[in-house]
Amino acid sequence: MPTETKTNHIGRKIARIRELRGMKQETLAEELGISQQSVSTLEKSEIIEDKKLEEIAKALGVTKEGIENFSEESVLNIISNSFHDQSALNAILNQPTFNPIDKVVELYERLVQAEKDKVSYLEQLLKDK
């Protein structure tokens with residue numbers, strides 16, 4: 001029974017990184033100066049030329065190597081390991097991609113700030129009455 005090797009589909013990696021960054025195709029298109037349809041076509045491409053890949057990486061806030069070496073398994077390993085021990089550091093050093101934990105912290109900080117803003121707004125409404 002032959003085993004198939006996984007293809008290094010750069011377009012799928014770009015799409016997944018874009019999704020993890022919370023970015024829409026339209027936003028990436030604006031950053032690159034192309035249409036949303038062109039981004040869709042890029043994400044369906046198995047191979048992308050180096051110069052274009054560097055532009056995409058810059059727009060996504062990662063390195064070209066980060067896109068090339070991206071794997072869903074490494075992201076899941078980083079997340080699952082970070083809740084149990086310090087082995088997530090090894091995964092980060094071996095796979096140069098962005099750290100999803102930083103994104104969680106960033107989201108949490110934005111939520112806390114939104115709650116603070118709501119509280120101060122409500123307090124101001126109470127003072128005005």
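This chain uses plain numbering: 1 for the first residue, then up along the sequence. What you see is a predicted model, and the numbers here were worked out from it, not measured in a lab.
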Across all chains, not counting sequence neighbours, the salt bridge (Lys or Arg N to Asp or Glu O under 4.0 Å) partners of Lys58 are none
Linked hydrophobic residues, Leu111 as query - side chain contacts closer than 4.5 Å: Leu107
Mind checking what makes side chain to side chain contact (heavy atoms under 4.5 Å, CB included) contact with Glu31, not counting sequence neighbours? Ala59
Side-chain heavy atoms of Lys13 within contact of Asn8, under 4.5 Å: yes
Mind checking side chain to side chain contact (heavy atoms under 4.5 Å, CB included) for Glu106 and listing every partner two or more places apart, or none if nothing turns up? Lys103, Arg110
Set of side chain to side chain contact (heavy atoms under 4.5 Å, CB included) partners for Ser45, sequence neighbours left out: Ile48
Should Glu54 and Lys51 be marked as a salt bridge (Lys or Arg N to Asp or Glu O under 4.0 Å) after you check the CA-CA gap, both sets of side-chain angles, and the distance that decides it? CA-CA 5 Å; Glu54 287 182 21; Lys51 184 177 179 183; over 6 Å; no
Residues that Asp128 engages under salt bridge (Lys or Arg N to Asp or Glu O under 4.0 Å), provided they are two or more places apart: none
Give me the atom names and distance for the closest heavy-atom approach of Glu43 to His9. O-CE1, 3.7 Å
Can you check whether Leu42 reaches Ile10 side chain to side chain, under 4.5 Å on heavy atoms? no
Between Arg21 and Leu60 (side chain of the first, backbone of the second, donor and acceptor by atom type, cut-off under 3.5 Å), is there such a pair? yes
CD-OG distance between Glu30 and Ser35, expressed to the nearest 0.5 angstrom: 11.5 Å
Grouping ILVMFWY residues whenever side-chain heavy atoms fall under 4.5 Å, the cluster of Val104 otherwise contains none
Check whether the side chains of Gln36 and Glu26 place a donor and an acceptor atom closer than 3.5 Å, and report yes or no. no
Residues at least two apart in sequence or cross-chain that pass salt bridge (Lys or Arg N to Asp or Glu O under 4.0 Å) with Glu68, listed by chain then number, are Lys64
Quick one: are Val39 and Ile56 in side-chain contact, heavy atoms under 4.5 Å? no
Under the side chain to side chain donor-acceptor pair (under 3.5 Å) rule, what pairs show up with a residue in residues 113-123, not counting sequence neighbours? Gln113-Asp117, Glu115-Lys118
Glu109: side chain to side chain contact (heavy atoms under 4.5 Å, CB included) partners, not counting sequence neighbours: Val105
Could you identify which residues cluster with Tyr108, counting Ile, Leu, Val, Met, Phe, Trp and Tyr as linked when any side-chain heavy atoms lie under 4.5 Å apart, either directly or through a chain of such contacts? Val112
By side chain to side chain donor-acceptor pair (under 3.5 Å) - contacts of Ser40 (at least two apart): none
Quick one, Ser38 with Thr41, criterion side chain to side chain donor-acceptor pair (under 3.5 Å). Give me CA distance, side-chain angles, the key distance, then yes/no. CA-CA 5 Å; Ser38 297; Thr41 302; 5.8 Å; no
Is any NZ, NE, NH1 or NH2 atom of the basic residue among Glu49 and Lys52 found under 4.0 Å from an Asp or Glu carboxylate oxygen of the other? no
